[in-house]
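Report on one structure; see the data block that follows.
For ligands, and for the atoms within them, numbers begin at 1 and follow the listed sequence.
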Amino acid sequence: MARIFQAADVDRTVLDGKTIAVIGYGNQGRSQALNLRVSGRHVIVGNREDESWRKAREDGFETHPMDRAATLADIVMLLLPDEVAPPIFDELIRPNLVRGNALVMASGYNVTYNHVIAPADVDVVLVAPRMIGQGVFELASRNEGVPILVGVHQDATGKALAVALALADGIGGFLPHGVVVESSFNEETLVDLFTEHTWAGAFLYILDKAFRMLIEGGVSREVAILELYGSGEIGEIGRAMATDGLWRQLRLHSHTSQFGQLTHGADFVDRKVEALMRKAIAEIRSGAFDRRWTAEQARGLPLFRRLLDEVLSSPLSKAEDELYARLGRR
Ligand code: NDP
C-alpha cells in the first residue's frame, strides 16, 4: 500500500533559510513559485529573458538567468518541459549544484531514462502535482489542496524526503482535499506514460470515430459535437468520478443511461485492448518508447507534426471550428 502522508509528517524547518530557485516560469513554475512564496518561502526564478521572465518580474520575483539562479539556490526546481530540460540541465544547472543541494522535478521522465543525472552529493526528489499548473495556483488560492506524488531518487543529505514533503506542503498538497502520496520517479513515469499511451489517447480517437459514425447516422455536426464533448458534461462527470467514484457516479445518470452503459461498455474492452495495454507497459519499462520519442525529436518531429496536422484538419476539427465560432468560443 502506498503511504499517504499527513501534515504532521512535514518538518517545515528543513526549508528555513533556504533559497528555492524555480527554473522555468511556465505552467507549473509560476504556480508553484507563487504558492511557495505565499507559504513564506524565499523563491527566486531562473528563466531565459523573454515573456516568462517579464511575467516573473511583474509577479515580484527576483529573476536571473538559469545558471545564476542555480548558483544562488539551495533547492533547484527544474520545471522546464521534459524534452528541453536535459541539455539545459547539463549546461547551466549541473555545474552550479553543490554538495547538499536538492534537485526537484515535477515529472519522473528524465530521471527514469537517465537524461538528467545529478551529482551524487545532491538530493534528487520528485514533487509531482497531478494537476495542471493553473489548477495548482487556483486551488491553493481557494485554500484547497492538490494531489501530489512525492518520491526520492537520491538521498545525499538524509533529508531528501523531508525536503520533498515540505515543498509539497508549500505548494498546497496538505490543504483541505489535497493528498500527498509516496511514489517514485519510475512509478510516476509509468502511470503518466501509460495513461497517455492507452485510455487518454484512445478516448480522443474514439470520440473522433463516434463523430464520424453519428454524422453517417444522420445527426447534425453541431448536435454530435455538443453531445460528445462540446457541452462540457465530460468535465462534470470527471469531477464526479473524483469525488464519488468511477462507478458510483453512475447514479447521477438516468436509469436508461446506466443500463445502456453497463450493457454496452464492456464490449469495447476486449483481449486486443488488454494486449495493447500490456504492450504499452512493456515499452515504457524497456525504454522503447523513450528511444522512439528521442529519435523523433532528433529528426525534427516529422511524425509528430504530421499526426497533429491530420487531427487538426479532420472533419471533426473543421466542424468544431465553425460551431465554436458561432458560439463565440473561437
Ligand atoms: P511549460 O511548457 O509551461 O514550460 C516551462 C518553462 O520552460 C517556460 O517558462 C518556458 O519559458 C521554458 N522553456 C520552454 N522551452 C524552453 C527552451 N527551449 N529553453 C529555455 N526555456 C524554455 O512547462 P510545464 O510547466 O508544463 O512543465 C514543467 C514540468 O512540470 C515538466 O516536467 C512537466 O512534465 C511537469 N508537469 C506539468 C504539468 C502540466 O499540467 N503542465 C502537470 C504536472 C507536471 P519560455 O517562456 O522562455 O519559453
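Figure legend: Arg221 and Phe211 shown without cation-pi pairing, the cationic atom not lying both under 6.0 angstrom from the six-membered ring centre and within 45 degrees of its axis.
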Could you give the side-chain donor-acceptor pairs of residues 138-152 under 3.5 Å, partners two or more places apart or in another chain?
residue : atom : partner : partner atom : Å
Glu138  : OE2  : Gln134  : NE2          : 3.1
Ser141  : OG   : Phe137  : O            : 2.7
Arg142  : NE   : Glu144  : OE2          : 3.4

Side-chain atoms of residues 110-118: list all donor-acceptor pairs with protein atoms under 3.5 Å, sequence neighbours left out, distances to 0.1 Å.
residue : atom : partner : partner atom : Å
Asn110  : ND2  : Asp82   : O            : 3.0
Thr112  : OG1  : Gly108  : O            : 2.9
Thr112  : OG1  : Phe185  : O            : 3.2
Thr112  : OG1  : Asn186  : OD1          : 3.3
Thr112  : OG1  : Thr189  : OG1          : 2.7
Tyr113  : OH   : Ile284  : O            : 2.7
His115  : NE2  : Asp290  : OD1          : 2.9
His115  : NE2  : Asp290  : OD2          : 3.1

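Ligand 1 is surrounded by Gly24, Tyr25, Gly26, Asn27, Gln28, Asn47, Arg48, Asp50, Ser52, Met66, Leu79, Leu80, Pro81, Asp82, Val84, Ile88, Ala106, Ser107, Pro129, Met131, Ile132, Gly133, each with at least one heavy atom closer than 4.0 Å.
With sequence neighbours excluded, the residues satisfying side chain to side chain contact (heavy atoms under 4.5 Å, CB included) with Ile281 are Leu190, Phe194, Arg285.
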_Candidate pair Arg251 and Asp244, rule side chain to side chain contact (heavy atoms under 4.5 Å, CB included), full reasoning_ = CA-CA 10 Å; Arg251 70 182 173 77; Asp244 299 4; 3.0 Å; yes
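Electrostatic pairing of Asp123 and Lys159 does not count as a salt bridge here, judged by no charged N lying under 4.0 Å from a carboxylate O.
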